[in-house]
There are 2 protein chains.
Amino acid sequence: MIDTAIHAITEPRRRDILHLIRDGELTSSAIASHFDISAPAISQHLKVLEAAGLVVVRRAGTKRFYGIRREGFAELKQYIESFWDDSLLRLKEAAEEEERRKHESESND
Amino acid sequence: MIDTAIHAITEPRRRDILHLIRDGELTSSAIASHFDISAPAISQHLKVLEAAGLVVVRRAGTKRFYGIRREGFAELKQYIESFWDDSLLRLKEAAEEEERRKHESESND
DNA sequence: ATACTTATTAAGTTGACACTTAATTAAGTG
DNA sequence: CACTTAATTAAGTGTCAACTTAATAAGTAT
């Protein structure tokens with residue numbers, strides 16, 4: 001699931017779309033009006049974003065309002081943080097430091 | 001710059017590489033040994049990750065040790081959070097809610 | 001200098017995917 | 001029911017990037 005989310009935000013155009021609807025939900029055509037590409041292209045992007053759990057649709061008549069889905073971004077945030085996690089990294093770095101010193105002393109045999 | 005970072009973590013293989021070196025720096029060949037793909041392929045991935053500021057190299061003789069670069073992940077984290085930002089989103093949602101109610105009352109004219 | 005190790009750069013191939021236009025679905029309106 | 005609006009699905013095309021093997025670079029040792 002995190003894979004689809006990351007794949008989704010890969011495409012710059014999709015990130016632009018996310019930025020647009022971040023300030024409030026918009027219809028597919030409203031979104032399309034901000035770009036030079038065709039409506040189907042936008043529709044395809046929205047589908048990818050929806051499948052990734054990053055946007056939600058609200059249907060109203062013939063219109064479909066797209067808005068961002070917070071839970072999806074929470075997952076992404078968590079994923080990035082799993083790399084970032086400060087305390088864990090410090091531990092690893094300390095271990096590396098130690099190993100480096102050990103190797104140095106071994107080379108003095 | 002954030003674009004290159006996002007592009008970099010797009011590729012599943014590169015994320016695998018990041019996971020590997022997250023537990024301590026490794027040489028190019030050590031990384032390659034964990035995968036089915038060729039050494040040059042790994043080298044190319046590492047170059048992308050380095051250009052994105054997500055990894056750093058430490059040269060030691062003919063070997064090159066690759067380790068993760070924290071600052072790069074900090075940027076990524078910030079970017080994701082710029083979407084996520086809780087308080088801002090709540091404001092937007094409140095505004096939408098209001099607009100929706102306004103439209104409903106208008107349709108009762 | 002020659003050889004060995006580690007890793008990269010070069011060049012070329014293949015598959016994925018972001019587009020296009022055309023056709024289709026779905027909901028509302030005269 | 002025909003017609004309009006809003007959006008999607010279908011089908012096909014071109015570009016990009018992830019891989020391959022071959023050649024090159026840079027460091028160390030014999």
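The chains referred to below are lettered A, B, ... by the order of the sequence lines, with proteins before strands, and numbering in each begins at 1. In this text the structure is predicted, and so the values were computed from the model without any measurement.
- A heavy-atom distance below 4.5 Å is not found between the side chains of Ile68(A) and Leu54(A).
- dC17(C) atom P lies 12 Å from atom NE2 of His45(A), rounded to whole Å.
- Listed for the Arg58(A) side chain is no donor-acceptor partner under 3.5 Å among the backbone atoms of Tyr66(A).
- At whole-Å resolution of the value, CG in Leu49(A) and C1' in dA18(C) are 13 Å apart.
- Here Ser38(B) does not reach the OP1 or OP2 of dC19(D): none of its side-chain N or O atoms lies under 4.0 Å away.
- Pair check for dT15(D) finds dA16(C); Watson-Crick or G-U wobble, both atom distances under 3.5 Å.
- Under a 3.5 Å cut-off, the side chain of Arg69(B) and the backbone N or O of Gly53(B) do form a donor-acceptor pair.
- Comparing Gly61(A) and His7(A), the nucleotide of DNA chain C nearest to each residue sits closer to the 5' end for His7(A).
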Sequence-aligned protein contact record of nucleotides 3-9 of chain D, with B where the base is within under 4.0 Å of a protein heavy atom and S where only the sugar-phosphate is: --BSSBB
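- Taking atom CG of Asp3(B) as the reference point, atom P of dA17(D) lies 12 Å away to the nearest angstrom.
- By the 4.5 Å heavy-atom criterion applied to side chains, Leu20(A) and Phe35(A) are counted as neighbours.
- For the side chain to side chain donor-acceptor pair (under 3.5 Å) condition, the pairs that include at least one residue of residues 32-51 of chain A, sequence neighbours left out, are Arg14(A)-His45(A).
- Judged by distance alone, the side chain of Arg64(B) and the main-chain N or O of Val57(B) form no donor-acceptor pair under 3.5 Å.
- Linking ILVMFWY side-chain heavy atoms closer than 4.5 Å, directly or via other members, places Phe73(B) and Val48(B) in two distinct hydrophobic clusters.
- Non-hydrogen atoms lying under 4.0 Å from DNA chain D are contributed by Glu11(B), Arg13(B), Arg14(B), all within residues 8-19 of chain B.
- For Ile37(B) and dG15(C), the CD1 to P distance is 17 Å, given to the nearest whole Å.
- One N or O on the side chain of Arg22(A) and one on the backbone of Ser82(B) form a donor-acceptor pair closer than 3.5 Å.
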